[in-house]
Amino acid sequence: MSDVDERIIYQGRPSWLNYYLLYIIGIAIFAFLIKAGRMSGGFFVLLFVISLATIFRFRYLFTVTEDRVMMRAGLIAKNTNEMQLRHIRAINVRQGVIERLLNIGTIEMMSAADTEAKVEFKGVSNPHRLKERIRGLKE
């Protein structure tokens, strides 16, 4: 099946919540600068943090079609990692404590052909629901 004929089931990027540590650090620096009387520096830090999170988020694109899963990384240069659904042998979800509270996580899809062959969707919202959608496409 060609790219034109494939129906996209899911397309997304990492959740904005995936960058929670960046936000916490930015807010702490902002508060410190405001307390020190450097209001413009504080707002510059907030603008920088938001810009950085935006760049990090738009660097990745995750796509699930009827036939394959794909992870594209890069803003200028593009690296694509993809796997046919029929080759997926394991789908895992990784979540730490904070990720569970924020309902974000990493989905790993591995092939039986090679232990190194995998596609990862890092920082996606509702990772267990997306995992089940992918599993449903396999069946």
Side-chain angles (χ1 to χ4, degrees):
M1 186 177 259
S2 71
D3 292 344
V4 177
D5 295 335
E6 285 185 82
R7 185 169 61 102
I8 295 176
I9 306 301
Y10 169 83
Q11 193 164 52
R13 298 183 183 279
S15 169
W16 288 104
L17 294 174
N18 189 48
Y19 307 104
Y20 64 90
L21 284 176
L22 183 62
Y23 304 143
I24 291 169
I25 291 168
I27 290 169
I29 293 171
F30 172 77
F32 175 77
L33 290 172
I34 294 297
K35 188 166 177 113
R38 302 196 183 256
M39 175 109 42
S40 61
F43 285 112
F44 175 76
V45 166
L46 283 182
L47 182 63
F48 179 74
V49 164
I50 291 168
S51 299
L52 207 54
T54 301
I55 290 169
F56 289 160
R57 182 173 189 265
F58 281 90
R59 200 173 148 228
Y60 295 99
L61 180 64
F62 310 128
T63 306
V64 177
T65 70
E66 295 172 317
D67 296 321
R68 58 191 170 146
V69 293
M70 296 169 281
M71 187 275 305
R72 190 185 79 198
L75 290 174
I76 298 170
K78 300 279 188 215
N79 296 314
T80 303
N81 192 3
E82 72 177 64
M83 185 181 304
Q84 296 291 323
L85 286 173
R86 68 178 180 268
H87 295 300
I88 295 175
R89 296 296 174 247
I91 305 173
N92 300 322
V93 174
R94 283 193 337 238
Q95 287 180 303
V97 173
I98 298 199
E99 287 85 5
R100 283 194 65 190
L101 292 172
L102 297 174
N103 196 23
I104 59 175
T106 298
I107 301 174
E108 298 175 324
M109 292 152 282
M110 287 152 301
S111 167
D114 186 0
T115 58
E116 295 298 316
K118 68 180 176 180
V119 175
E120 284 188 337
F121 291 0
K122 294 181 180 184
V124 294
S125 295
N126 300 310
H128 290 284
R129 184 175 58 167
L130 182 55
K131 171 188 170 184
E132 291 306 317
R133 285 181 75 187
I134 295 167
R135 180 177 285 151
L137 289 170
K138 276 187 53 68
E139 296 172 356

Going by atom type alone, with no hydrogens or angles, which donor-acceptor pairs under 3.5 Å involve a side-chain atom of residues 24-40 and a protein atom two or more places apart or on another chain?
none

Which pairs of donor and acceptor atoms, one on a side chain in residues 130-137, lie under 3.5 Å apart (sequence neighbours left out)?
unit_1, atom_1, unit_2, atom_2, d
E132, OE2, R135, NH1, 3.1
R133, NH2, I9, O, 2.8

Original post:
Would you say N79's side chain and G74's backbone share a donor-acceptor pair under 3.5 angstrom?
Top reply: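 Pair absent, no side-chain N/O of N79 close to backbone of G74.
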Original post:
Tell me, which pairs form a salt bridge (Lys or Arg N to Asp or Glu O under 4.0 Å) where one or both residues lie in residues 76-85, sequence neighbours left out?
Top reply: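 Listed by first then second residue: R68-E82.
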Subject >> Contact check, side chains of Q84 and D67, non-hydrogen atoms, under 4.5 Å >> reply: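 In contact.
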Original post:
So if you build clusters from Ile, Leu, Val, Met, Phe, Trp, Tyr with side-chain heavy-atom gaps below 4.5 Å, do M70 and V64 land together?
Top reply: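 Per the 4.5 Å side-chain linkage, M70 and V64 are not co-clustered.
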Original post:
If two hydrophobic side chains count as joined below 4.5 Å and joins carry through other members, does V124 share a cluster with I88?
Top reply: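 In one cluster with V124: I88, yes.
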Tell me which donor-acceptor pairs under 3.5 Å the side chains of residues 45-62 have, and how far apart each pair is, sequence neighbours excluded?
unit_1, atom_1, unit_2, atom_2, d
S51, OG, L47, O, 2.9
T54, OG1, I50, O, 2.8
R57, NE, P14, O, 2.7

**OP:** Mind checking the CZ-CG spacing from F121 to N81? Nearest 0.5 Å is all I need.
**Re:**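 It comes to 9.5 Å.
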Original post:
How many angstroms lie between OG1 in T80 and CZ in R72, if you round to the nearest 0.5 Å?
Top reply: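 Nearest 0.5 Å value for the OG1-CZ distance: 7.0 Å.
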Expected list for residues 89-105: side-chain donor-acceptor pairs under 3.5 angstrom, two or more places apart:
unit_1, atom_1, unit_2, atom_2, d
R89, NH1, R86, O, 2.8
R89, NH2, R86, O, 3.4
R94, NH1, E108, OE2, 2.3
R94, NH1, E120, OE2, 3.4
Q95, OE1, H128, NE2, 3.2
Q95, NE2, I104, O, 2.9
E99, OE1, G96, N, 3.0
E99, OE2, Y20, OH, 3.2
N103, ND2, N126, OD1, 2.3

Original post:
Can you pull the ring-ring contact (aromatic ring centres under 6.0 Å, His included) pairs that have at least one residue in residues 73-98, sequence neighbours excluded?
Top reply: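 Not a single pair qualifies under ring-ring contact (aromatic ring centres under 6.0 Å, His included).
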